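See structure below.
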Amino acid sequence: KAGIEDTDSPAAPSVMERDDSQPVIRLDRGGKSFGDNSVFSNLNLAVRQGEVVSIIGPSGSGKTTLIRSLNGLETLDQGVVYLKEKPFIAGREEGLSMSLPKAKTEMLELGMVFQSFNLFPHKTVLGNVTLGPHYHNRGSVGEIRASARAILSQVGMLAHENKYPHQLSGGQQQRVAIARALAMNPSVLLFDEPTSALDPETVGEVLRIMADLGKSGRTMIIVTHEMKFALEVSDRVIFMEGGKVVFEGSPDALRDEFCGMPVSPISSAFE
Ligand code: ADP
């Protein structure tokens, strides 16, 4: 594994202080192929509470497959995903000896935001955000609505609560999708290229919401092509190429590794 293993370094950045806690989510020896095409093998990933981890790298390197494997949207061949150190998902070659949760209510611990928003088109903004909590009996109708409105306000979408997805811009739809994920109060938020399908002028508003979530202590794993954003907002950046982690470390370490990369002011990451 490529990596920064210098937890003893006196200059270790603040992210290292969190290393004492156990990972919230961990992939151990993950392997996945599509037919003859091995996407990755023997891949390890551990993310701790409050960490913001960005996964970057060229197209086809396995980033999306990796993040979708963490919540079972792709079936792993080998390896095990642990949630709070309990086995959660096992690759199909792992055998059945492992005790895995049956009901998969643990899945609710993982909120997912997709490239293409995936909102329910026939539901209003508020309806999209309250659907999950209603379905999973997270409170009374009034409580769920109040909490959904608070979250919509957080992502700047409360004024649009009665609109339908088709009445919104891509950036607005993505902010609703983030609100919908937050409404289940997940332990980890997974983002799969959340700004790739957006018009350039709405990318910034989504990145800002994500940056705020990171600052507020949300645990997030983000597959992104937004290099500036990844450098500004992440505690740790993972660079994948050809299914391998070729670099893993703090944004500063990444800048050092790829020396000469311009260090941009925060504002330009959101333009
Ligand atoms: P990235 O997110 O880094 O662009 P992906 O995880 O999307 O990479 O893809 C990694 C590799 O897996 C690519 O070679 C891609 O063609 C292949 N792949 C991804 N999804 C599928 C699928 N559903 N069926 C077959 N091959 C796939």
Side-chain angles (χ1 to χ4, degrees), residues 24-25 47-55 67-68 70-73 83-84 104-121 123-165 168-198 202-224 226 229 233-235 270:
V24 184
I25 189 163
V47 175
R48 291 170 177 77
Q49 179 113 37
E51 243 193 320
V52 177
V53 175
S54 291
I55 304 174
I67 203 165
R68 289 171 61 86
L70 296 179
N71 65 358
L73 287 176
L83 204 56
K84 297 175 180 168
K104 290 270 184 260
T105 48
E106 288 79 358
M107 205 69 89
L108 305 177
E109 302 262 357
L110 304 174
M112 183 87 171
V113 176
F114 299 89
Q115 183 176 343
S116 50
F117 330 131
N118 296 7
L119 294 177
F120 299 107
K123 295 256 174 214
T124 63
V125 164
L126 186 64
N128 266 279
V129 179
T130 55
L131 192 70
H134 277 315
Y135 184 80
H136 294 284
N137 294 316
R138 291 286 177 91
S140 69
V141 171
E143 285 163 352
I144 288 171
R145 282 179 158 240
S147 150
R149 289 202 169 104
I151 294 167
L152 282 171
S153 167
Q154 193 186 341
V155 301
M157 288 300 294
L158 185 56
H160 304 280
E161 63 173 330
N162 295 318
K163 289 191 179 159
Y164 288 85
L168 305 173
S169 73
Q172 290 173 326
Q173 290 189 58
Q174 195 59 302
R175 285 191 277 152
V176 174
I178 292 171
R180 180 177 61 177
L182 287 171
M184 294 303 290
N185 196 24
S187 300
V188 183
L189 279 174
L190 306 174
F191 293 86
D192 184 15
E193 301 194 14
T195 60
S196 298
L198 298 180
T202 67
V203 168
E205 69 192 45
V206 172
L207 294 181
R208 261 182 209 287
I209 298 291
M210 292 169 61
D212 288 347
L213 288 172
K215 273 190 221 129
S216 74
R218 284 273 165 194
T219 309
M220 312 205 290
I221 307 176
I222 307 163
V223 170
T224 184
E226 299 286 342
F229 169 82
V233 169
S234 315
D235 297 306
F270 301 100

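What you see is a predicted model, and the numbers here were worked out from it, not measured in a lab. By convention here, the first residue in the shown sequence is residue 1.
- For the salt bridge (Lys or Arg N to Asp or Glu O under 4.0 Å) test, no residue two or more places apart in sequence or in another chain qualifies with Lys123.
- When side chains are defined from C-beta on, Ile178 counts as touching Phe191, because their heavy atoms get closer than 4.5 Å.
- Between Leu168 and Lys163 the shortest side-chain heavy-atom distance falls below 4.5 Å.
- Applying the side-chain contact (heavy atoms from CB on, under 4.5 Å) test to Tyr164 and every residue at least two apart in sequence or in another chain returns Thr124, His166, Gln167.
- Contact of the Ile221 side chain with the Leu189 side chain is not registered, since no non-hydrogen atoms from C-beta on lie closer than 4.5 Å.
- Here the closest heavy-atom approach between residue Val129 and residue Ala148 is recorded as CG1-CB, 3.7 Å.
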Show me the donor-acceptor pairs, under 3.5 Å and distance only, between side chains in residues 210-218 and residues at least two apart or in other chains.
| unit_1 | atom_1 | unit_2 | atom_2 | d |
| --- | --- | --- | --- | --- |
| Ser216 | OG | Leu213 | O | 2.8 |
| Arg218 | NH1 | Pro186 | O | 3.1 |
| Arg218 | NH2 | Asn185 | OD1 | 3.3 |

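- Atoms CG and CG, from Leu70 and Leu190 in turn, are 6.0 Å apart once rounded to the nearest 0.5 Å.
- Counting only heavy atoms from C-beta outward, the side chains of Val155 and Val176 never approach each other to under 4.5 Å.
- Taking the side chain as every heavy atom from C-beta outward, Val24 and Val47 never approach each other to under 4.5 Å.
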Go through it in stages, so that I can follow the logic: the residues are Arg138 and Leu108, the test is side-chain contact (heavy atoms from CB on, under 4.5 Å), and I'd like the CA-CA distance, side-chain angles, deciding distance and then a yes or no. CA-CA 12 Å; Arg138 291 286 177 91; Leu108 305 177; 3.9 Å; yes

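- Legend: residues meeting salt bridge (Lys or Arg N to Asp or Glu O under 4.0 Å) with Arg68, ordered by chain and number and at least two apart, are Glu74.
- Put simply, the side chain of Ile222 does not reach to within 4.5 Å of the side chain of Ile67, judged on heavy atoms.
- Using a 4.5 Å heavy-atom threshold, the side chains of Val53 and Met220 count as separate.
- With sequence neighbours left out, the side-chain contact (heavy atoms from CB on, under 4.5 Å) criterion links Glu143 to Ser140.
- For the salt bridge (Lys or Arg N to Asp or Glu O under 4.0 Å) condition, no pair includes a residue of residues 176-196, sequence neighbours left out.
- Pairs engaging residues 107-118 under the salt bridge (Lys or Arg N to Asp or Glu O under 4.0 Å) rule: Lys84-Glu109 [sequence neighbours left out].
- Looking at residues two or more places apart in sequence or on another chain, you find a side-chain contact (heavy atoms from CB on, under 4.5 Å) between Ile144 and Thr130, Pro133, His134.
- Applying the side-chain contact (heavy atoms from CB on, under 4.5 Å) rule to Leu158 yields the partners Arg149, Leu152, Ser153, Glu161; only residues at least two apart in sequence or on another chain are considered.
- Contact annotation: the side chain of Leu73 approaches that of Phe114 to within less than 4.5 Å [non-hydrogen atoms, C-beta and beyond].
- For Asn71, there are no side-chain hydrogen bond (donor to acceptor under 3.5 Å, both in side chains) partners, not counting sequence neighbours.
- Side chain of Arg175 to main chain of Met157: no donor-acceptor pair is present (N/O by atom type, distance under 3.5 Å, no hydrogens or angles).
- Of the possible donor and acceptor atoms, one in the side chain of Thr224 sits under 3.5 Å from a partner among the backbone N and O of Glu226.
- Partners of Thr219 according to the side-chain hydrogen bond (donor to acceptor under 3.5 Å, both in side chains) rule, which considers only residues two or more places apart in sequence or in another chain, do not exist here.
- The distance from the CD atom of Gln174 to the CD1 atom of Ile209 is 11.0 Å, given to the nearest 0.5 Å.
- Of all heavy-atom pairs spanning Leu198 and Gly171, the tightest one is CD2-N, 3.6 Å.
- To the nearest 0.5 Å, the span separating CG on Leu83 from OG on Ser187 amounts to 6.5 Å.
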